[in-house]
Amino acid sequence: MGKLEMPKVYEAKNHEDQLYAAWAASGFFNPDNLKGEPFTIMMPPPNVTGVLHLGHALENTLMDSMIRFQRMRGRKALLLPGTDHAALPTQAKVEKMLMEEGILHPRQELGREKLVEKIRVFAEQSRTTILSQIKKLGTSCDWSRLAYTFDEPRNRAVNELFRRMYEDGLIYRGSRVVNWSVKGQSTSSDDEIEHVERTTKLYTFRYSKDVPITIASTRPETKLGDTAIAVHPDDVRYASFIGQTFAADVGAASALCLKVIADEQVDPAFGTGALGVTPAHSQIDFAMYETQKAKGDPIGLIPVIGPDGKMTAQAGFYAGLSAEEARERFVSWLKEEGLLEKEEEITHSVGISDRYGDVIEAIPMTQWWLDVQKEIPGRGKSLRDLMREAVTTGLNDDPSQKVTITPDRFTKLYLDRIEHLRDWCLSRQIWWGHRIPVWYCQGGKNGVCLEGCKPQVAVGKPERCPACGTTKFEQDPDTLDTWFSSASWTFSTLGWPESTDDLRTYHPTSWMQMGYEILYLWLMRMVLMSTYALGEIPFREVYIHGMLRDKDGRKFSKSLNNGIDPLDVIEKYSADALRFAVVSGVSPGNDSRFYEEKVEAAQRLVNKLWNISRYILTSIDEPVHGRAFKELEPKTLADRWILSRLVRLEEDVSAHMQAAEFSQASEKLREFTWSDFADWYLEASKTQRAQELTKTSTDDILVYVLEHLLTYWHPIMPFVTEQIWSSLCDDELLLAHAWPSMRMIDLDLKAEAEMAHLQEAVSAIRNIRSQYAVAPKQKIRVVMVGGNLEGHASVVESLAGIERLVFEAQAPQGEYASVVVGDGQVFVSLEGLVDKQAEHAKLARAQQETETYIQSLEAKLANEAFTSKAPEQVVATMRANLDDARQKLKLYVHHSES
RNA sequence: GGGCGUUUAGCUCAGUUGGUUAGAGCGUCUCGUUUACACCGAGAAGGUCGGGGGUUCGAGCCCCUCAACGCCCACCA
């Protein structure tokens, strides 16, 4: 009788919070208390827009499994936690909530200060919730280094980055066409726009009877701002018009002045082959405007749609109308004038604001931009160059400064994207976020410096204007794109811009995981910031994971109401089960499905591990842990076999964990736990423990294997393993236990092969029992001829549930069901039960199979091309198999003769 | 219009550089309450690896091609 009490069912609820508290109190989450080579992971900071979802459960499992593994392997492991203020999403969310509460225009009604305060309160609450949820998931992060993208140290880093980039001339203020959300009243970057297919009407028309060129548009109302007509330079139809200017009165404030220009980008085959150029309301047309300007042959720029989504004064007759109304009226005017030639339905893609959901308008505005193509002073390269180098040759051709992306295909996506990168619009007109650190001198009237000074880029308000001497300044009202702060996450969290020990020790970070949906938004920008600011890559390895979907492969979404709250799953099952379920079946870059049955299966595994431990720990009087391998005394085949399997397991799991192949690692562990250890060794151990000779050695091996197994499971299932460990060992946390390497121990291939035979024989006997429905209590006798299992009779007897196994030289007489196993034959005594016909048929079938098998092997081995070209080992294995099969066939032949 | 991914048992997925007769979990069927576990045990059924072609001694894996589904990108005015 053991001294321990363990309930039959593992109740995670009773242990998880206490275990987490014990880990946190131990100090091992903090790498300052660890030795070894640093290994760093920065937690992708969850947005403070709400609570954690399943995707976070996946991410936390991936990160925590990796960091726990590395910690146990003796690394100075840092997993740094944090949250993201998520400027636009958070403000959008709070505004929506306020609107639901009846504050229909939060910005106007509350004003900047009050609205920001409302958002801050919401964000804080959400932050607190999120941090407690991270603990529930078991994530072993260093809370002493907790960061927030919107806290003071991060604000300093952001301002400093802005300042340096401004001084390097990379950040500039300029008027360009931006992506404008009328609903959100803010710009957004190219990456925050979703393209959706829509059907729209395409109108083909002329500006006036005097303009000889016909154009087409899905947004005719924007044509009020056209300043040119572009055609392909080689298009003979229009060649004679190039360079000419046509005037047209379409009802705008002043008559349109349309210059015909040549541009390679125009597709002569599309529509009429002529394109009405609207520089103010199209990114492409704006590019043409810039090209023309550079060529010294400028065209105009007339904004006809304003930030409020209404037609501007320049739209003349249409001023004040919404774009839709203006379109309607303009089209009917075209009809009346006989200018409309065609009206057809087409599908094309429109840009939609990620957060506000309205169609993005292209509008020219003065904003802050980051130039990604300009050469960085003193470096001879642009930001784009740095981003490219980091994933190809390594930064400055240094291979140790190379970011490896898994799976590799995302590297190509990344590189393609870099080539098409446009300047990054940094400023947002929302209020929740890092304020642009730029101050405008208010020396004169209307907020303009008397001496015309430049904007002052400074972390705090400047003392006085160097030009006019005033102390009156106004800060830029805009805020920074939220990704500007998250892009600096790998180093702002370590104290940059100070030169700290942390920065020297933990940067570049070792490993990063993220979903593919933020590859452009985040991964690229982290590389940009880190290579710019530190001349270092942000991380060495990036693991890109897929999305979790529901049982039917659909995204989890509020509108589908198919959400699963990870906290509910933890409450109902366990954090370990959630972790295992979420990680099993995932491969890098691919989506995977998640549903409750997976967690149920995982929880059964957790319980199985619990019960294996319960059996061992409660039935062994004084389990001794920490024995060395060589202290063990394997006495039986099963002993030698399970130890060899354990060595193999360690090898596999270590390799898989190192390579971030979590699913494979957990699959190997599951297989060993349930099949090898529980179903075979534990059952075999019962017989061994009943015998004086093998009692002690078996106990030792049971404890040894359990102890190792818990260790190898720990990174994936930390709670249950730690809980069991506490029963085994009361002076050390499993969290801080060293990963036992078994690299120096040889596999026992002989034992593995012999055990495979034994298992086959046992299965065969069980099969016969099942086939003949032999009652479990019915005593049966089994005779074995050949098979080399003498010496293992008692194990076979207990595993197969038979009364007695005897070995004889020849097949016995009487009523037997038989089966050939390896080079032996098993005869199960079944007096009065044997269905001779069925037996015969069964044997004939088995014999036939063996013959076919032999034939196929013979054919292969007779093929000279095969034997000469295939590796020696493959041929040798096949020869051995052929021998075995022939041996087997002899037994069948012998049997059918007898 | 480009590009990428997926397609293996009823369902969800493994299958590592091409090498024995393709695996697991769940589900299904049969049997079983022997003190670790009914959140269990034993046994069984179930697959021409999406179709076609090719390379090779040998293909689930490599090449070509077609198909279905999904995703991403794009300046179709």
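To find a chain, count down the sequence lines: A is the first, B the second, and so on, and within it residues start at 1.
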Short side-chain N/O contact from [X] to OP1 or OP2 of [N], under 4.0 Å:
X: A/N767; N: B/rA44; result: yes
X: A/W674; N: B/rG41; result: yes
X: A/R604; N: B/rC40; result: yes
X: A/S763; N: B/rG43; result: yes

Could you tell me the separation between the [atom1] atom of [X] and the [atom2] atom of [N], rounded to a whole number of Å?
X: A/D226; N: B/rA77; atom1: CG; atom2: C1'; answer: 10 Å
X: A/Y772; N: B/rA44; atom1: OH; atom2: C1'; answer: 15 Å
X: A/E517; N: B/rC4; atom1: CD; atom2: C1'; answer: 16 Å
X: A/E683; N: B/rC40; atom1: CD; atom2: P; answer: 14 Å
X: A/I802; N: B/rA42; atom1: CD1; atom2: P; answer: 16 Å
X: A/R689; N: B/rU35; atom1: CZ; atom2: C1'; answer: 12 Å

Review point. Quick one: does A/K668 reach the base of B/rA24 with a side-chain donor-acceptor pair under 3.5 Å?
Key: no
What about A/K608: does its side chain form a donor-acceptor pair under 3.5 Å with the base of B/rC37?
yes
To check you understand the geometry: which heavy-atom pair defines the closest contact between A/T721 and A/W713, and what is its length?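 So the minimum-distance heavy-atom pair works out to CG2-CB, 3.6 Å.
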Distances under 3.5 Å only, N/O to N/O: pair up the protein atoms with those of nucleotides 11-18 of chain B.
unit_1, atom_1, unit_2, atom_2, d
B/rU12, OP1, A/R593, NH1, 3.2
B/rU12, O4', A/Y595, OH, 3.1
B/rU12, O2', A/Y595, OH, 3.3
B/rC13, OP1, A/R593, NE, 3.3
B/rA14, OP1, A/S587, OG, 3.0
B/rG15, OP1, A/Q664, NE2, 3.3

Extract from the structure each pairing of a protein N or O with an N or O of nucleotides 72-76 of chain B at less than 3.5 Å, listing the distance.
unit_1, atom_1, unit_2, atom_2, d
B/rC75, O2, A/Q265, OE1, 3.1
B/rC75, N3, A/Q265, OE1, 3.4

Margin query: For the residue pair A/K860 and A/F866, would you count it as a cation-pi contact if the rule is NZ or CZ under 6.0 angstrom from the ring centre and within 45 degrees of the ring axis?
Written below: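 Not satisfied by the 6.0 Å and 45° rule.
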